[in-house]
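All remarks here apply to the structure that follows.
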Amino acid sequence: MQFDQFLQYLISGLTSGSIYALIALGFTLIHNSTQLINFAQGEFVMLGGLIAVSLYSAVGLPLVVAVLLSVIIVTIIGIVFERTAIRPLKNTSVITLIIVTVGASILMKNIAMILWGRDAQALPTFSGDKPIQFLGASVTPQAIWVILVTIATVVLLQLFYKRTIIGKAMKACAINPSAARLMGINTSSIVMLSFALSAGFGAMAGVLITPISMTSYSVGGFLGLKGFAGAVLGGLDNPVGAVVGGITLGILESLSIGFIDSGYKDAIAFLILLMVLFIRPSGILGARVREKV
Amino acid sequence: MRKWISILLVLSLALFALGCQGSTKEAASSSGTTEANKEPYKIGAVVSATGPSSPLGLPEKNTLELEVEKINKAGGINGHKLELIIEDDQSDAKNAVTAVSKLIDKEKVIAVIAATISPSSIAVKPEIAKAKIPQMAMAAGIPITQDDPKEWVFRTANSDAVAVQKVIDYLSKDLKVKKIAILSDTNAFGQSGTDEFKKLAPKAGLDIVIVERYQTQDTNMTAQLTKIKGTDAEALVVWGTNPGPAQAAKNMKELGMTIPYVGSHGIANKTFIQLAGGAAEGVVFPAGKVLVPSSAKGEQAEVINKFMSDYKAKYNENPNSFAGHAYDAINILAEALKKAGTSDGVKLRDAIEKTSGFVGITGIFNYSKDNHDGTGADDMVMIEIKEGKWVEKK
C-alpha cells in the first residue's frame, strides 16, 4: 500500500464520514431534548437535496439561493412535523413517538416519490469539479465544502451551547427536563427548536451530498441508518461525539474497502460499531460529565 | 366442541358464498365477450405498471395494448380475436405470483406474458409450468431460462449473458485489452453479471485482475476506484443500474483515471447521461438496436421504424427497449398461435420452439428445444456516448 493510496482512502472516508456526521448530529439533537430516535432524520436529508434540485432547475434560482432556501424550507418542515405529529402526543410513551417518526418517514418518502419521481437527480457542484491534487491524492472542491461545513457547524453549535441563553437552556433540558421546566425554561419550545435544528442539519447534508452522489426519494433510509450508526458510535447524547462517530464510520468503511474487500464494507463497519458498543456501551464520547449550567 | 363446529360451519358458509360470487363474475365476463363468431384467445400479462420498475413496465403495458389492438383489427388469429388481461405486480414478485394464479385459475388464459422484472419472471415460473402453458418473459436475468422449471418459459429480452458476451467481445477484439477490472453493484443484477464475467472472460483470454463492489445507494466510490487504480487493469467494466454507474463515472474523472469505461445494458437510458453529465462522455455499453435505430439493417430496420411511428402516434413519446421486449413477446406468441391453429398449451409451446428468423425489435429470434433465449450477441450493438448522445460504436 502506497502512501498516496492510503491518503486517498482517508479523504474518501472523510468525505462520506462528514455527511454521516451531519446526519448523526440531527439524531443527537432530538435525542437530547426528547429521548426520541427520529427515524425520519434521513428523510430530511432526502428532502433537502430534492427541494434544492427543484428550486435550482425547475424554478431557476441561483444555486446559492436554492441551497439556502431548501435548508430553510426543510427546517420549517421539521417544525411543522414537531407541531403536528410529536407535540399532540406529548404524554404518550417514547416508543409510541418513535413509531410516529417511522410512519412520518414512510409518508415523506412516498410523497417525495409522487412529487419527484423515482429517478436520481443531481445538482451542479458549488465551485467547479476540477479535482485538487494533494500529496498524490485528489480532492474535489465539493468534498472540501462538505468537510468545511461540517467543521463550521460543530464549532457554531458549541458556541451556541456555551454562549447563548437558548443554547444553555437546551443543554439544561438535555440534562434534566423536569428540573429545567421548574427553572422556568419553556421545554416545549426547546423541543421544537431541536426538531428545527436537526431538520436543518439533515437538509444541509442533503444539499452538500447531491452534487457528489445525486439524490432520490429513496436515499433517506440508507443515509439515516448510516447517520444513526455514527451517532450511536460516538455517543447518542453528545453532539461532538456524533460528529466523531460519523467521521470514524466513514473512514472505517473506506479503509475496509482498501484493506479488506469492498463487498464486506458495510458488514465490517457495523461489526466494528458493535464491538465498540460492546466494550463501551455509551459510545466513544458518550460518558457525559454533568456540568453546571 | 359445539362452538368449534359452529365456527367451522360459518367459515365454510362464508367460503361458499365467496366462491359463488367469484363464479358469477366469471360467467358475466365470459358471456360479455362472445360477440365474435369464434371464442377469443385469452392471453394474460403481468407487468410492473407501478412501483420502482414502472419506467420499464408502463411502456410494456402500452405496447401490449397497442399490438393486440392491431392484431384484432387485422382480423385476429385464424378468426379468433385476442383478449388481453393485464395485471400489475407493482414491481413485486409476490404480487406477480398472485396475479398469475388469478390469470390461470380464474381467467383460464392460454399463455402468460410475464414479467417486467427478473424476480417476478422467476417467481411465476413454477405456477405457469404446472398449468402447462407457455410463458413469455421480458426480463434479462440469466436464471429465467437456465434454471428449472424451464420447459415452458421463453424470453424476449437479451439475456444478461448475451450482454456480458457482447462486452467481452468488445474488450478483447476491439479494445484489444488483456487485463480488466470489474466494479459491480452488490444487488442481484451486479452479482449475476460478475459471475458471468468470471465464467466467460477466461475463454476470451481476458484476465480479471480485481473485482470491487458497491451498494446501490453508496455516495462515494473513490475508495474502490483508488484500489482499482493501483492495479494494472487496462479497462474498467461497471455492472449496475442507475445511479451507481454514473457515480463511478464521476469519481473516475475526479481521480484522473483514463482507462476505458465499459458499462452494462443497465445504463441504456437517458437518465445515465443526465446524472453523469460530462463524465458520461466516451462511456461505451451494449444495448438493443432500438436505441440507435440506424444500427439495424434491412427488414429489422423497417420493423423498428414502423413500431416507433405506431407507438409515437398513439402515446406521443418514443418507445424504449422495454417496449420492444413486449412487442416481441406478443407478436411471437401471435405467430405461434397462428401456426399451431389451437390454444392447446403443449402444441403452442412446440410452435414457439419452432420460431425461426422472426424479425423483432430486440433481435432476430430463433428458438429451439434447447434455446429459449432467442437472441444472441449479434442482436446487440455497442453504443458510445458522444456529446450527450448515443452513437453506434463501430
Side-chain angles (χ1 to χ4, degrees), chain A residues 1-2 4-13 15-17 19-20 113 117-122 124-125 129-133 137-140 142-143 146 209-223 225-226 250-251 253-259 261-266, chain B residues 48 50-56 58 91 181-186 190-191 194 210-231 241-257 269-280:
Chain A
M1 165 103 22
Q2 282 142 355
D4 55 348
Q5 236 179 338
F6 180 71
L7 192 64
Q8 191 71 60
Y9 292 137
L10 274 189
I11 290 171
S12 173
T15 315
S16 25
I19 301 280
Y20 303 160
M113 188 183 80
R118 293 176 188 85
D119 279 339
Q121 318 223 18
T125 49
D129 48 9
K130 213 172 158 51
I132 300 157
Q133 294 302 316
S138 351
V139 196
T140 54
Q142 191 66 25
V146 172
I209 207 174
T210 307
I212 299 184
S213 66
M214 301 162 260
T215 193
S216 75
Y217 80 100
S218 62
V219 299
F222 173 80
L223 288 170
L225 185 68
K226 289 291 171 76
I251 291 177
E253 280 185 1
S254 180
L255 289 180
S256 70
I257 292 171
F259 289 98
D261 184 307
S262 47
Y264 301 124
K265 182 193 76 183
D266 290 322
Chain B
S48 302
T50 58
S53 299
S54 63
L56 290 60
L58 264 183
S91 311
I182 295 176
L183 176 63
S184 69
D185 198 320
T186 46
Q191 188 61 49
T194 309
I210 187 169
V211 177
E212 289 295 316
R213 292 172 215 282
Y214 65 87
Q215 294 273 313
T216 311
Q217 307 276 19
D218 269 353
T219 52
N220 187 343
M221 291 167 206
T222 45
Q224 287 94 325
L225 290 167
T226 302
K227 207 170 172 186
I228 290 168
K229 202 182 169 191
T231 67
T241 47
N242 290 324
Q247 182 64 28
K250 280 177 153 186
N251 287 157
M252 252 180 106
K253 225 178 157 195
E254 285 164 28
L255 294 175
M257 291 172 76
N269 45 49
K270 292 282 181 204
T271 318
F272 175 76
I273 300 178
Q274 280 162 18
L275 293 177

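In the text below, chain A, chain B and the rest are named by the order of the sequence lines, each starting its count at 1.
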Query - Choice from Lys265(A), Lys130(A), Gln133(A) maximising heavy atom contacts with chain B below 4.5 Å - result: Lys265(A)
Requested in this report: Would you mind checking which part of Lys253(B) comes under 4.5 Å of any heavy atom in chain A, side chain (CB onward), backbone (N, CA, C, O), both or neither?
Outcome: backbone
Requested in this report: Measure distances from Glu253(A) to the heavy atoms of chain B and classify the residue's part below 4.5 Å as side chain, backbone, both or neither.
Outcome: neither
Query raised in the report: Which bit of Ser254(A) comes within less than 4.5 Å of chain B, counting heavy atoms only: side chain, backbone, both or neither?
Result: both
Requested in this report: Select all residues of residues 270-277 of chain B having any heavy atom within less than 4.5 Å of some heavy atom of chain A, and report them by number, or 'none'.
Outcome: Thr271(B), Leu275(B)
Query raised in the report: Of Gln215(B), Met221(B), Gln224(B), which meets side-chain contact (heavy atoms from CB on, under 4.5 Å) against Ser262(A)?
Result: Gln224(B)
Requested in this report: Pick one of side chain, backbone, both or neither for Leu223(A), based on which atoms fall under 4.5 Å of a heavy atom in chain B.
Outcome: side chain
Query raised in the report: Out of curiosity, Asn251(B) CG to Ser12(A) OG, how far, rounded to the nearest 0.5 Å?
Result: 7.5 Å
**Report entry** Shortest non-hydrogen contact between Ser213(A) and Gln247(B), atoms and distance
**Finding:** CA-OE1, 3.0 Å
Report summary line: Pair count under 4.5 Å, heavy atoms only, with chain B: among Val139(A), Thr15(A), Ile212(A), highest is Ile212(A)
Query raised in the report: What's the verdict on side-chain contact (heavy atoms from CB on, under 4.5 Å) for Lys227(B) and Tyr9(A), showing C-alpha distance, side-chain angles and the deciding distance?
Result: CA-CA 9 Å; Lys227(B) 207 170 172 186; Tyr9(A) 292 137; 3.4 Å; yes
Requested in this report: Report the residues that fulfil side-chain hydrogen bond (donor to acceptor under 3.5 Å, both in side chains) with Lys250(B), sequence neighbours left out, ordered by chain and then residue number.
Outcome: none
Query raised in the report: Of all of Asp4(A), Ile19(A), Thr140(A), which one pairs up most often with chain B through heavy atoms under 4.5 Å apart?
Result: Thr140(A)
Report task. Select one option (side chain, backbone, both, neither) describing which atoms of Ser218(A) are under 4.5 Å from chain B's heavy atoms. Result -> both
Report task. Count the heavy-atom pairs under 4.5 Å between each of Thr226(B), Asp218(B), Thr222(B), Asn220(B) and chain A, then report the option with the highest count. Result -> Thr226(B)
Query raised in the report: With a 4.5 angstrom heavy-atom cut-off, which part of Ser184(B) approaches chain A: side chain, backbone, both or neither?
Result: neither
Query raised in the report: Ile257(A) versus chain B, heavy atoms under 4.5 Å apart: side chain, backbone, both or neither?
Result: both
